[in-house]
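Fair warning: this is a prediction, and the values are worked out from it, not measured in the lab. So you know, we letter chains A, B, ... as the sequences are listed, proteins then strands, and number each from 1. Just the heavy atoms: all of them, side chains too, but no hydrogens, waters or symmetry mates, feed the values below.
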Amino acid sequence: MEPVITGTDPIAEPMAQAGTAPGGVKTVSKSPTRIALARLRKDRVAMICLGIFVAFLLIAIFAPLLAKLEGQDYTTRNFDLIDDFGYPTVGPSSTHWFGVEPRIGRDLFARWAYGARPSLLVAIITTLITTFVGVVAGLVSGFLGGWVDRVISWVIDFVLSLPYLLFAIAFPAVILSIIYGNEEGATPEQVGRVRFISLISVLSIFGWAGLARLIRGQVLSLREREFIAAAKVLGVPTRRVLFKELLPNIIAPIVVSASLALPGYIVAEAGLTFLGVGLLEPTPSWGVTIAAAQNFYRADPLYLWLPVLGITILVLALSLLGDAIRDAFDPRTRR
Amino acid sequence: MVLYILRRIASAISVIVVTLIASFGLFYLAPSDPAGVICGAKCPPARYQEIADSLHLDRPVYQQIWEYLHGLVLGTDVVSGGQTVHCAAPCLGYSYVFGVPVTTLIMHALPVTISIVFGSAIAYLCIGTLSGIFAARRRGTYLDRTIVGGTLTIGSVPYFVVALLAALYIPTLIPIVPQAKWVPLTESPLKWFLGLLLPWIVLGIVNSASYTRYSRASMIESLSEDYVRTARAKGISERRVVYRHGLRAAVTPLATIFGLDVAFALTGAIFTEQIFGLPGLGVVTLRAFDKYDLPVLMAGVLIGAVVLVIMNLLVDILYTILDPRVRLS
């Protein structure tokens, strides 16, 4: 494997770029990450999926702008568009692009566009936290060995053997009671904020362990290699060995696991919200809408199918992208 | 071998003990107000005090944990609704909301969850293995690619979305499929089977994704062995070659991954229960969450953890029996 040279030595990078200078002969020292990226760029499915992901990101970021463009917002209730039985009297139109909600008549397009926000926000924050914690725990545990390794390994095993969903159900109730006494004592905004934080906490607490175990295994096999031994003999401080010598060599599994984790957290957020233990009603979220819309699936199919399609397409695109990234990094397919 | 199993059992016990202490800490040390929850919004102070006393909220922490453990092992006396009741040996406390022992609630819910988990395991075993064999025999054809692509797609769509759409649309589109409903096995085995058929199939199809891929790969490997070529050369029928010679060798690696993902199965069961309206452990826990019923919530977490740890332990032991290499490492 080439990574011994590339990425680990700060001088190697500029040299690799200098090698492709005009008139010069192309050198072979391309970092594996760059090879993988080049391969990914040629993968048409991956690029389409990336496009879909970026589109959803833009929808989430510019949700207020989109809603303004339509001339609606996600909180206004239009009781005049609802008949006596609670069903909307208008379908999709130029004023309400996707129609309105049954019962209280909020605009569906605005709620759908805003609904992309919590999914992506929770998933991205959680992926960042779990990747960071997992990598650091795996590096430290694998490299230091001894009792540190034993403690961290036990914690990893412990976390992986807990029923995460049951904890996810129990956790928000406990957090809320710790911060605000019991549920009646808190305002809806406070409850909403606590739910948001507890959702990210639960997903993070249970998410880092798998990656940490993976990284630990990689480090265990890498730390016996000559370049690590050389660094140690040269008297390079441990922190530098960990982050300058070891880390560049395990970029591939980190990127792959993060890209496969992202859709997982989107599903987890929507699923928990659907069960009623994630985000709550005033927050526009696809999970909330799906839970409410299941009672109107026959009368108002659009109400149910918009968030269902939103989450399915987003998750499918991200999963395929993750698979493509894994294939791009997999040394067995390397040319 | 024995040493390995003993070590695994010790670590399983340590996980359960830490879970017990951690969840106790989480639920009982939180400055929550269980007495207020039981008593309701307009609570006379005298009644409030009575309830707070009966819950022993004034006692030190270690004493509360001790009492909980004591109840768990030997049983204890609990004050519920103004009168003292004896709570028999595995005592998990009394539900704040329903005023019955938590063990009773759990005992009613567990058969539902167990039925779902095991039934769906059989379903995905069958679906996964059969479609894996089917794809492996037609390797590289259009059908093979469709099956592999299809399982990949279904496996990536959020499970609760698939289950919800199936629960809403299948009974109306295909009226032959019976409505999902819980009937205890002891009451009527046929109704039990029919009521759970739809959830089993839906959970089975979604879970079978990874299984199809494994069995396909495993089958392709065993079908390219020399003895399969020999069997074909001898003129044995294709059917016999595939099922006798190919499948038998392919099934050992399959047995080791079977049941590895108990946590996933449990998660799937909770969504299945909620969506199809089956009164299992997940639904009981969700209801306890709504009502802030701490003893039930804690018992749900505890039992889930114990089941998971025991299942993982069994899988590990099975694994060592099937694959001797594990023992040596």
Between B:Val161, B:Val157, B:Leu168, which has the largest tally of heavy atom pairs under 4.5 Å with chain A?
B:Leu168
Sort out for me which of B:Ala288, B:Gly282, B:Ser14 touches chain A most, counting heavy-atom pairs under 4.5 Å.
B:Ser14
Would you indicate whether the side-chain heavy atoms of A:Val267 and B:Tyr159 approach each other to under 4.5 Å?
no
Is there a side-chain contact between B:Leu286 and A:Leu275 in this structure, where contact means two heavy atoms from C-beta onward sitting under 4.5 Å apart?
yes
Separation of B:Leu165 CG from A:Thr312 OG1 (nearest 0.5 Å)
7.5 Å
Chain B contact via [X] - side chain, backbone, both or neither, heavy atoms under 4.5 Å:
X	result
A:Ala270	both
A:Asp323	side chain
A:Leu304	side chain

What is the minimum heavy-atom distance between [X] and [Y], and which atoms define it?
X	Y	result
A:Leu316	B:Ser156	CD1-CB, 3.7 Å
A:Phe167	B:Thr19	CZ-CG2, 4.3 Å
A:Ile290	B:Phe160	CD1-CE1, 4.1 Å

Stepwise side-chain contact (heavy atoms from CB on, under 4.5 Å) test for B:Ile303 and A:Leu166
CA-CA 10 Å; B:Ile303 290 190; A:Leu166 286 171; over 6 Å; no
Whether over 12 other heavy atoms sit under 6.0 Å from B:Phe118 CZ
no
Residue among A:Val308, A:Val315, A:Leu314 satisfying side-chain contact (heavy atoms from CB on, under 4.5 Å) with B:Pro158
A:Val315
